[in-house]
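So the structure is just underneath, and the comments pick up after that.
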Amino acid sequence: MGSNVNNLFFLSLFCLALVSMQQVRAKESYTRGRKQLNSCNLFSGSWVIDNSSKPLLYDSSTCPFLESQFDCKKFGRKDTEYLKYSWKPDSCSLPRFNGEDFLNKWKDKKIMFVGDSLSLNMWESLSCMIHASVPNVTTTFSKKDPISTVIFKDYGVTLHLYRTPYLVDIIKENVGQVLTLNSIKAGNAWIGMDMLIFNSWHWWIHTGKSQKWDYIRDGANLVKNMDRLDAFYKGLTTWANWVDANVDPTKTKLFFQGISPTHYRGGDWNEPKNTCNGEVEPVLGPKYPTPLPPPTDVVNKVLKNMKKQVSLLDITLLSQLRKDAHPSVYTETHGNDCSHWCLPGLPDTWNILLNAALTT
């Protein structure tokens, strides 16, 4: 009898030790995964083709928030290879996006994208990615310029888009519309968010009829024009000062979306007669034949000098490689759009990277 009791006692100890070892191993595995992401440069890697039967994150025809300007399939794009490429960082693996997990992590929170139509691209992508994971939840959609809003009501998660292409204000004066480099009155609408993702650049170089202002006010000086990179630097510095003065990073996650490249000049990838139209595969990489666009230096300089930490979603190089992922002629107007991106498509990867950055 005593021998049986001793055997049971030692067996119990062994089982407890085994369970404890398994828990330690699980914890070590989790810790290794976190350390791997923490030490990994998510934005250094290459595009690899995925020929598995893994479904797309969403279908453009079933996303209620997708505007037609990004729906390349709707306007006749037949090739699908551009949808099969996945971004693979050099030293870690990206977690697959799960919309329901995202909603649970951000339950009762407010997220806002602030910027131009590239912010729209990314906001619509995230809305569609989440909706595909929980297609039966109650949602509301509203649009009243400059704010568009999707609410996943069962989770209390709100996704805002605030359209302001320059971040700083355009103010009407006697001379006309004035791009005012030291004014951000619109910033009042950004306060109180749990996450802010900012973006600006593309509109700074517009001229002619697509230019939204008549003059630039640079301090006390009113000028008809100025170097656009200098203007961008001054405007972005005003934004940085606003963030430093008005946002608490312990309460609000802060990101800058990074510069999204265009592909109008085939010479950039050694095919001078081409644009993005007709391109069906990425530049192989891992490097792009031409340097990063100059505004990336402006963004890096401004972020480096800020008091508050703003994380850079450094999407420029990985997006430079994707000359195949633009709408090109597959739009409602059938113009050649080499600025924006098809949905589904590249902005989904931006959001996967955002989700990964939030876990580090």
**OP:** Enumerate the residue pairs fulfilling side-chain hydrogen bond (donor to acceptor under 3.5 Å, both in side chains) with a member in residues 211-221, sequence neighbours excluded, ordered by first and then second residue.
**Re:** Tyr166-Trp213, Glu173-Arg217, Gln211-Arg228, Asp218-Lys234
Subject >> Trp350, Phe113, Phe256 screened by side-chain contact (heavy atoms from CB on, under 4.5 Å) with Ile197, the one that passes >> reply: Phe113
**OP:** Any pair with a residue in residues 269-306 that passes ring-ring contact (aromatic ring centres under 6.0 Å, His included), sequence neighbours left out, goes on the list, sorted by first then second residue, please.
**Re:** His263-Trp269
**OP:** With sequence neighbours left out, write down each residue that passes salt bridge (Lys or Arg N to Asp or Glu O under 4.0 Å) with Lys107, or none if nothing qualifies.
**Re:** none
Subject >> Selection residues 183-198 - residue pairs positive for side-chain hydrogen bond (donor to acceptor under 3.5 Å, both in side chains), sequence neighbours left out >> reply: Asp169-Ser183
Original post:
In chain order, what residues pass the salt bridge (Lys or Arg N to Asp or Glu O under 4.0 Å) check against Asp59, with sequence neighbours excluded?
Top reply: Lys73
Subject >> side chain to side chain contact (heavy atoms under 4.5 Å, CB included) involving Asn241 - partner list, sequence neighbours excluded >> reply: Thr237
Original post:
Would you say the side-chain atoms of Asp348 pair up with the backbone N or O of Pro344, donor to acceptor, closer than 3.5 Å?
Top reply: no
Original post:
Under the ring-ring contact (aromatic ring centres under 6.0 Å, His included) criterion, do Phe70 and Trp341 qualify, and how do the steps go?
Top reply: CA-CA 6 Å; Phe70 305 137; Trp341 307 92; over 10 Å; no
Original post:
Rounded to the nearest 0.5 Å, how far apart are CZ of Phe43 and CG of Leu353?
Top reply: 5.5 Å
Original post:
Under the side-chain hydrogen bond (donor to acceptor under 3.5 Å, both in side chains) rule, what pairs show up with a residue in residues 75-86, not counting sequence neighbours?
Top reply: Arg77-Asp79, Glu81-Lys84
Original post:
In the hydrophobic clustering that connects Ile, Leu, Val, Met, Phe, Trp and Tyr at side-chain heavy-atom distances below 4.5 Å, which members other than Tyr264 occupy its cluster, ordered by chain and number?
Top reply: none
Subject >> Heavy-atom side-chain contact between Trp204 and Leu179 under 4.5 Å >> reply: yes
**OP:** Check salt bridge (Lys or Arg N to Asp or Glu O under 4.0 Å) between Asp324 and all other residues, then give those that pass, not counting sequence neighbours.
**Re:** Arg322
**OP:** Kindly indicate whether the side chain of Asn277, heavy atoms from C-beta on, has any atom under 4.5 Å from the side chain of Cys338.
**Re:** no
**OP:** Kindly write out the residues that satisfy salt bridge (Lys or Arg N to Asp or Glu O under 4.0 Å) with Glu100, not counting sequence neighbours, or none if the list is empty.
**Re:** none
Original post:
Which pairs pass disulfide bond (SG atoms under 2.5 Å apart) with one or both residues in residues 135-166, sequence neighbours excluded?
Top reply: none
Subject >> Partner residues of Ser44 under the side chain to side chain contact (heavy atoms under 4.5 Å, CB included) criterion, sequence neighbours left out >> reply: Asn41, Asp90
Subject >> Residue pair Thr275 / Asn336, side-chain donor-acceptor N/O under 3.5 Å >> reply: yes
**OP:** Kindly say whether Ser117 contributes a backbone atom to a donor-acceptor pair with the side chain of Asn121 at under 3.5 angstrom?
**Re:** no
